[in-house]
Amino acid sequence: MAIEKTDKIWHNGKLINWDEATIHVMSHVIHYGSSVFEGIRCYALPSGPAIFRANEHIQRLVDSAKVYRIEVPFTREEIVKGMLETVGHNGAWPCYVRPIILRGYGEAGVNPFNSPTEVYIINYPWGKYLGGEVEGCDVYVSSWTRLAPNTLPAMAKAGANYMNSQLIKMEAIVNGYVEGIALDINGFVSEGSGENLFLVHRDKLITAPLGNSVLPGITRDSVLQIARDLNVSIVEQVIPREMLYLADEAFFTGTAAEVTPIRSVDKINVGKGVTGPITKAIQKEFYALVRGEKPDRHNWFTAVPVRSKQPVSV
Ligand SMILES: Cc1ncc(COP(=O)(O)O)c(C=O)c1O
């Protein structure tokens with residue numbers, strides 16, 4: 001997807017021109033992958049633009065920084081405010097919001113402690129729904145294992161983790177699949193390259209616990225809440241690989257994927273190979289909430305103050 005530029009980028013508390021948001025090639029992050037970031041949707045609700053689960057995303061951002069001993073010179077509230085300022089100024093929505101904290105230009109070498117912390121918030125138009133419109137995607141089990149415990153922390157959303165995601169995604173693409181499912185170091189189901197995974201087996205909604213090297217997805221959390229609202233039984237359990245072939249239903253969740261049904265795994269149909277009733281019910285509720293067709297009963301949205309009710313682009 002080509003990048004569609006907007007007017008300003010938030011850098012350490014100030015809005016700067018998009019073209020001036022550059023970093024030096026000797027920045028620590030370039031060589032050693034030292035960044036933590038978020039991917040967030042700002043939806044176009046009938047009442048105007050609103051960021052989905054802004055506080056939870058920024059909490060995960062500061063949690064990721066804590067794991068990597070990055071001292072962030074802004075509070076969660078200040079970063080949320082920065083997102084509202086950036087989206088409000090650029091006036092482009094629906095959009096994707098990308099806050100990123102990185103180790104900048106300071107010293108050469110692996111030791112990150114003497115490189116400055118830089119915080120950026122970028123937003124750009126992103127109107128497509130990858131999930132809602134598709135009937136189901138065909139996926140495979142990747143030959144790449146997800147991050148093993150005590151190697152790279154899977155609970156932190158760090159730039160370096162996405163080298164593993166890239167291996168999974170590239171293998172999927174060259175083999176003609178949309179996405180891959182990675183197993184964890186012990187051969188149990190973990191997650192996709194950029195999505196959490198849910199299965200339905202005998203009317204129970206199943207997802208892997210955080211101990212199976214999964215990112216604590218904000219959409220995963222939202223879907224668990226929706227399932228509770230719909231009185232669907234939930235089991236967080238270790239998932240053996242063969243459950244992928246025996247499940248009645250399966251779907252991915254994520255900021256990009258939203259709720260995307262899975263039609264087949266390794267060319268074996270999931271259930272009857274069509275979107276099942278529990279997936280459909282969860283999808284329907286999720287999209288009704290994020291399109292503002294139903295009231296925001298869980299306070300998941302933060303409204304963006306804007307000068308005009310009309311977006312400047314998209
Ligand atoms: C590896 C990985 N797992 C899961 C997710 C889903 O997380 P979220 O729902 O917070 O977007 C993402 C996307 O951020 C991801 O990159």
Side-chain angles (χ1 to χ4, degrees), residues 1 33 35-43 51-64 67 80 83 94-101 122-123 126 128-132 137 139 142 144-149 151-172 178-185 188-199 207-227 236 239 250-260 262 282-283 286-287 289-290 298 300-302:
M1 190 191 324
S35 69
V36 293
F37 68 97
E38 276 303 315
I40 309 170
R41 275 191 193 250
C42 173
Y43 286 93
I51 298 181
F52 186 64
R53 307 206 67 180
N55 292 323
E56 291 84 351
H57 274 286
I58 301 308
Q59 185 61 53
R60 188 172 65 185
L61 179 72
V62 297
D63 288 350
S64 300
V67 172
V80 170
M83 291 201 293
C95 65
Y96 184 76
V97 190
R98 163 58 55 83
I100 183 163
I101 302 173
I122 307 113
N123 86 299
W126 207 36
K128 287 195 194 85
Y129 292 101
L130 302 179
C137 59
V139 305
S142 179
W144 293 101
T145 296
R146 202 77 188 120
L147 318 164
T151 59
L152 290 170
M155 280 182 70
K157 191 169 168 70
N161 293 6
Y162 287 82
M163 292 302 275
N164 174 262
S165 293
Q166 288 176 52
L167 291 169
I168 297 164
K169 192 75 181 180
M170 287 189 292
E171 190 182 60
V178 175
E179 182 56 288
I181 295 171
L183 305 179
D184 73 2
I185 186 72
F188 295 114
V189 173
S190 179
E191 61 179 348
S193 72
E195 308 85 14
N196 292 113
L197 179 77
F198 283 84
L199 303 179
T207 196
L210 301 184
N212 292 114
S213 301
V214 304
L215 184 77
I218 307 298
T219 322
R220 175 185 184 274
D221 182 71
S222 310
V223 160
L224 288 171
Q225 182 60 55
I226 288 171
E236 277 191 55
I239 304 174
F251 59 90
F252 282 129
T253 64
T255 297
E258 299 184 306
V259 179
T260 299
I262 298 173
I282 289 173
Q283 256 192 328
F286 178 85
Y287 289 110
L289 287 166
V290 300
H298 297 297
W300 282 344
F301 279 109
T302 305

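We count ligands from 1, going down the list as the structure has it; atoms in each ligand are counted the same way. All residue numbers in this chain count up from 1 along the given sequence.
With sequence neighbours excluded, no residue forms a ring pair (Phe, Tyr, Trp, His ring centres under 6.0 Å) with Trp144.
Looking only at distances, no side-chain donor or acceptor of Asn123 sits under 3.5 Å from a matching main-chain atom of Met83. Not a single donor-acceptor pair under 3.5 Å links the side chain of Thr219 to the backbone N or O of Glu258. Side-chain N or O atoms of Asn161 include one that pairs as donor or acceptor with a backbone N or O of Ala156 at under 3.5 Å.
Among all protein heavy atoms, the one lying closest to atom 12 (C) of ligand 1 is Gly194 O, 3.2 Å. Regarding atom 14 (O) of ligand 1, its nearest protein heavy-atom neighbour is Lys157 NZ, 2.7 Å. Of the protein's non-hydrogen atoms, Arg146 NH2, 3.1 Å is the one closest to atom 1 (C) of ligand 1. With respect to atom 9 (O) of ligand 1, the closest heavy atom belonging to the protein is Thr219 OG1, 2.6 Å. Protein heavy atom at the shortest distance from atom 3 (N) of ligand 1 is Glu191 OE1, 2.7 Å.
For Phe37 and Tyr162, the ring centers are positioned less than 6.0 Å apart.
A donor-acceptor contact closer than 3.5 angstrom is absent between the side chains of Gln59 and Asn55.
The shortest N or O to N or O distance between Thr255 and ligand 1 is under 3.5 Å. The shortest N or O to N or O distance between Tyr162 and ligand 1 is under 3.5 Å.
Comparing Ala257, Gly217, Ala256 by heavy-atom distance to atom 7 (O) of ligand 1, the nearest is Gly217.
Within the 4.0 Å heavy-atom cutoff, Ala154 does not count among the residues contacting ligand 1. For Arg41, the closest heavy-atom approach to ligand 1 does not fall below 4.0 Å. The shortest separation from a heavy atom of Glu38 to ligand 1 is not under 4.0 Å, leaving the residue out of contact.
Listed by atom number, the atoms of ligand 1 under 4.0 Å from Ser193 heavy atoms are 1 (C). Taking a cut-off of under 4.0 Å to the non-hydrogen atoms of Ile218, the atoms of ligand 1 that pass are 8 (P), 9 (O), 10 (O). Heavy-atom contacts of Gly254 reach the following atoms of ligand 1: 6 (C), 9 (O), 11 (O) (cutoff under 4.0 Å).
Sorted by first and then second residue, the salt bridge (Lys or Arg N to Asp or Glu O under 4.0 Å) pairs with a member in residues 153-165 form an empty list; sequence neighbours excluded.
Between Arg98 and Glu38 there is no salt bridge, since none of the side-chain N atoms of the basic residue sits less than 4.0 Å from a carboxylate O of the acidic one. Salt bridge Glu191/Arg220: absent, no basic N to carboxylate O contact under 4.0 Å.
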